[in-house]
Amino acid sequence: MDIKKVEKKWQEIWEKDKLNTFNQKNADKKYYCLEMFSYPSASKLHLGHWYNYAPTDSFARYKKMKGFEVFQPMGFDAFGLPAENFAIKTGIHPKDSTEQNIANMEQTLREMGAMFDWSAEIKTCEEDYYKWTQWLFIKLYEKGLAYRKEAPVNWCPSCNTVLANEQVVNGECERCHSTVVKKNLTQWFFKITDYAEELLQKLDGLDWPEKTKAMQRNWIGKSMGGEIEFTCESGDKFNVFTTRADTLFGVSYVVLAPEHPLVKTLTSPEQKEAVENYVFETSKTNEIDRLSTNREKTGVFIGHYAINPINGKKVPIYIADYVLFSYGTGAVMGVPSHDSRDFAFATKYNLPITRVIKGVDCDDELPFEEDGILMNSMEFDGLTSEEARKSIINKLAMSGKGTHKTNYRLRDWLVSRQRYWGAPIPVVYCEHCGTVPVPVSDLPVKLPYDVEFKPDGKSPLAKHEGFMNTTCPICGGKATRDPDTLDTFVCSSWYYLRYPNANNPKEPFNPAIINKMLPVDKYVGGPEHACMHLLYSRFITKALRDMGYLDFDEPFKSLVHQGIILGPDGFRMSKSRGNVVSPDQYVEQYGSDTLRLYLMFGFSYTEGGPWNDDGIKAILKFMDRIEKLGVKLADTKNGKNIDIGSEEKELLYAQNYAVKAVSRDMETFSFNTAVARLMEYINALYKYDSLENKNVKLFKESYKTFMLLLAPLAPHFSEEIWEILGNKKSIFLSDYPECDENALIRDENELAIQVNSKIKTRIMLANNLTEEQIKEILLKDEKIVAALGGKEIKKLIIIPKRIINIIV
RNA sequence: GCGGAUGUGGCGAAAUUGGCAGACGCGCUAGACUUAGGAUCUAGUGGGUGACCGUGGGGGUUCAAGUCCCUUCAUCCGCACCA
């Protein structure tokens with residue numbers, strides 16, 4: 001068949017008949033199947049897109065044939081840095097290039113033949129969309145979940161611009177490789193930390209890959225411990241956070257982060273110069289270096305002492321850059337005997353090392369970091385570490401010097417970007433009224449087109465007077481806008497809520513519709529978003545729930561990560577390596593169904609692997625065999641009926657086995673085995689075809705069943721053959737075949753016979769035999785008798801339909 | 001260092017969850033039909049070839065282990081001075 005013509009033909013028919021459009025009337029049977037939307041890139045679709053979208057579309061089509069009302073939308077994550085960088089390089093405006101890219105990608109996505117509901121398409125850079133992204137910001141602000149503070153950001157001194165975290169690779173700017181430095185700017189944050197505990201707890205109930213859940217757990221980084229108050233000789237007080245309160249008697253010094261405010265007030269005149277030098281040096285170090293584990297521990301004594309509240313012992317106060325001001329209290333207690341970092345530090349600066357924990361039945365050489373039994377700890381001696389952690393904090397609590405405390409490593413989400421191509425932050429600053437959110441009725445705050453976006457260290461919008469100068473919505477006086485734009489992850493943190501309401505001009509989403517359509521039943525995309533997009537989306541969903549807009553807790557019930565298709569050389573495809581394989585040539589030459597089938601057959605979906613097109617031949621042959629048989633059957637008259645004999649039973653067995661196996665495989669994204677089962681099934685059909693006398697009616701039905709199983713995996717091709725067979729309606733309006741379990745029951749099976757667990761022979765056995773009958777048959781078999789060698793049978797293990805083990 | 005995986009023929013990969021390892025393919029070998037074939041079809045294809053050995057290595061549990069337990073090695077990914 002002329003595959004290009006056929007594809008076009010069916011794509012037009014599907015579109016005309018609105019086959020892929022979600023029907024809200026059937027929302028009770030909804031199945032929300034979502035693939036992560038794409039960033040509009042200049043080159044068309046790459047293999048990664050295909051690998052994400054084509055097999056998932058087959059899954060969605062399978063669900064549709066199973067009777068679900070499938071909603072599978074597609075859109076574009078259209079704001080972001082690459083378009084802006086492209087603009088800086090070429091002078092082509094980000095809006096123009098993005099629109100062009102989207103147009104190209106839309107076309108190739110349509111050519112793929114996926115059942116995307118284009119009536120629900122969204123593009124995050126359009127006013128209709130970013131208006132509601134701004135709405136989201138304002139709602140978070142009103143709820144106290146968006147706030148503004150000064151914070152250090154990544155700054156590239158050569159590009160003269162702020163970089164997103166993702167653009168900092170090993171401490172360097174990804175474009176010019178200059179060392180990135182920290183610079184303090186006033187920024188907007190979302191208070192994701194308010195949800196740290198729920199984000200952690202609710203992971204347990206999600207049908208997500210274990211690895212992804214583990215990554216989020218790590219990222220959230222819950223640790224339970226206590227805060228303990230140390231009092232300085234000066235009378236100043238500070239808290240340390242520790243998970244090892246049981247080692248409190250082993251403290252031989254304390255360390256403040258160099259940024260800690262007490263450093264200035266406590267430093268003695270003799271130590272002033274050394275401390276100031278150290279603080280200065282630290283401020284120059286970039287965070288990557290500072291956080292490197294294998295770096296030597298350094299620090300400076302500040303010339304002041306603090307009192308350990310548990311035993312009144314006086315200990316020196318140091319500053320050291322391995323203590324982070326941003327985590328815990330920015331101060332730690334140093335217990336060299338039971339922490340390897342402290343051990344290294346104490347050894348270097350000749351501080352005392354006192355053991356306070358002894359190990360139980362293990363090598364407890366210092367530094368000993370495991371739990372054990374307390375010693376040198378006064379009344380706590382003899383307690384286990386676990387008991388002591390509680391009782392020591394409890395004792396301190398009585399005098400107000402200690403509390404149990406849980407810390408998280410998760411930080412608030414910095415959403416300001418000093419960039420042009422994003423949603424403007426909908427806030428104005430008024431001389432009288434201060435920070436004022438733009439009223440929802442005034443949204444969107446439009447992103448102006450005529451902006452100078454060449455980087456010079458300032459937000460591009462700051463230079464646009466027409467944009468910047470405005471009036472205060474409260475007092476009507478002079479005000480200026482926030483010149484920053486929102487991180488594009490804000491746009492993508494709620495897009496799945498917009499799809500079912502894509503054309504709603506009045507609200508971002510209708511709560512009644514959302515509560516019916518969400519959560520997403522199956523979400524498919526790359527694993528690289530584990531701690532960004534997937535975490536942000538969960539946060540936003542929970543925040544909107546707490547504002548009363550939703551009544552579900554989690555946006556994505558079930559998540560699948562597709563694997564990565566590597567270049568033929570086994571490395572990640574990249575232009576610089578020159579190993580990029582484009583899907584276009586294959587689509588052009590063989591058609592989209594062929595490429596789709598091969599992607600499904602050639603790889604384990606969640607694994608991926610190096611590209612190799614040898615297997616395409618196998619798919620072409622497979623499709624050719626299907627077509628030949630279909631054309632032949634379409635021309636065959638039913639003829640005289642033949643009774644159901646053993647050949648017919650075999651055919652029905654093959655058919656029902658395929659139905660059962662393929663359904664199971666489709667459910668679990670095991671596309672490679674689903675295709676394999678279909679290959680087996682077509683082989684069985686050919687085998688039946690080679691017979692002299694056939695039950696043509698049954699044969700045709702069997703072939704139709706085959707086509708129905710194939711349809712989700714090769715949509716255009718299947719439609720065409722379906723039509724050749726004489727069907728008038730789309731194959732996707734047919735029901736998916738059901739397995740007839742009775743056809744899978746065989747009268748007899750071949751069993752492997754083992755003697756003392758070694759296979760000796762195989763024999764056919766009827767399934768309804770008793771143990772005695774089986775024994776009788778076995779003892780008549782020459783090979784078995786020989787293997788038994790006249791020995792007495794001690795035990796007979798029979799696994800029906802599979803194996804028999806004779807123990808002698 | 002912590003966390004998550006992966007390791008099976010020449011290659012891509014399967015294995016109903018403890019029951020005949022290598023399904024389905026690619027490649028290869030032989031044959032058929034052909035002027036020809038890089039088309040199509042048929043047969044064979046883990047290794048040795050006697051009955052034995054084979055799922056990274058070593059141990060264990062079991063009638064039975066790719067699958068469960070212990071141990072070890074290698075590779076990939078993520079996080080990493082988080083007190």
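So you know, we letter chains A, B, ... as the sequences are listed, proteins then strands, and number each from 1. Only heavy atoms go into these numbers, but all of them, side chains included; no hydrogens, no water, no symmetry mates. This one's a predicted model, so the numbers in the text were calculated from it and none came from an experiment.
- Across the C1' atoms, B:G19 and B:A65 are found 10 Å apart, a figure rounded to whole Å.
- If you check residues 238-255 of chain A against RNA chain B, the residues with a heavy atom closer than 4.0 Å are A:F241, A:T242, A:T243, listed by number.
- When the P atom is used for both B:C28 and B:G22, the distance is 23 Å, rounded to whole Å.
- For the atom pair A:E750 CD and A:T761 OG1, the distance stands at 8.5 Å (nearest 0.5 Å).
- If you check every strand for non-hydrogen atoms under 4.0 Å, A:D624 touches nothing.
- The phosphate of B:C82 has neither OP1 nor OP2 within less than 4.0 Å of any side-chain N or O from A:S326.
- Remark: A:K758 is in phosphate contact with B:C53, judged by side-chain N or O atoms under 4.0 Å from OP1 or OP2.
- Under the 4.0 Å criterion applied to side-chain N and carboxylate O atoms, A:K687 and A:E650 are not assigned as salt-bridge partners.
- Heavy-atom contacts from other residues, nucleotides or ligands closer than 6.0 Å to CE of A:M224 number 12 or fewer.
- Of the C1' atoms belonging to B:A14 and B:C26, the separation is 15 Å, rounded to the nearest Å.
- B:G18 and B:A13 have their C1' atoms separated by 22 Å, given to the nearest Å.
- Residue contacts for A:I797: at a heavy-atom cut-off of 4.0 Å it reaches a base atom on one of the strands shown.
- Contacts of A:E750 with the nucleic acid, taken as non-hydrogen atoms under 4.0 Å apart, include base atoms.
- No engagement by A:F622 is indicated, since no non-hydrogen atom pair under 4.0 Å with the nucleic acid exists.
- Nucleotides B:U62 and B:A80, compared at atom C1', are 42 Å apart to the nearest Å.
- Nucleotides B:U8 and B:A74 have their C1' atoms positioned 15 Å apart, rounded to a whole Å.
- Here A:N612 does not reach the OP1 or OP2 of B:C11: none of its side-chain N or O atoms lies under 4.0 Å away.
- Remark: A:R746 is positioned above the aromatic ring of A:Y653, its terminal NZ or CZ atom under 6.0 angstrom from the ring centre and at most 45 degrees off the axis.
- Classification of A:R217 and A:E210 as a salt-bridged pair holds, one side-chain N sitting under 4.0 Å from a carboxylate O.
- When only modelled atom types and interatomic distance are considered, A:N612 and A:Y598 share no side-chain donor-acceptor pair under 3.5 Å.
- One distance of note links CG of A:N308 with CZ of A:F249; it measures 7.5 Å at 0.5 Å rounding.
- For the C1' atoms, the distance linking B:C20 with B:G46 amounts to 15 Å, nearest Å.
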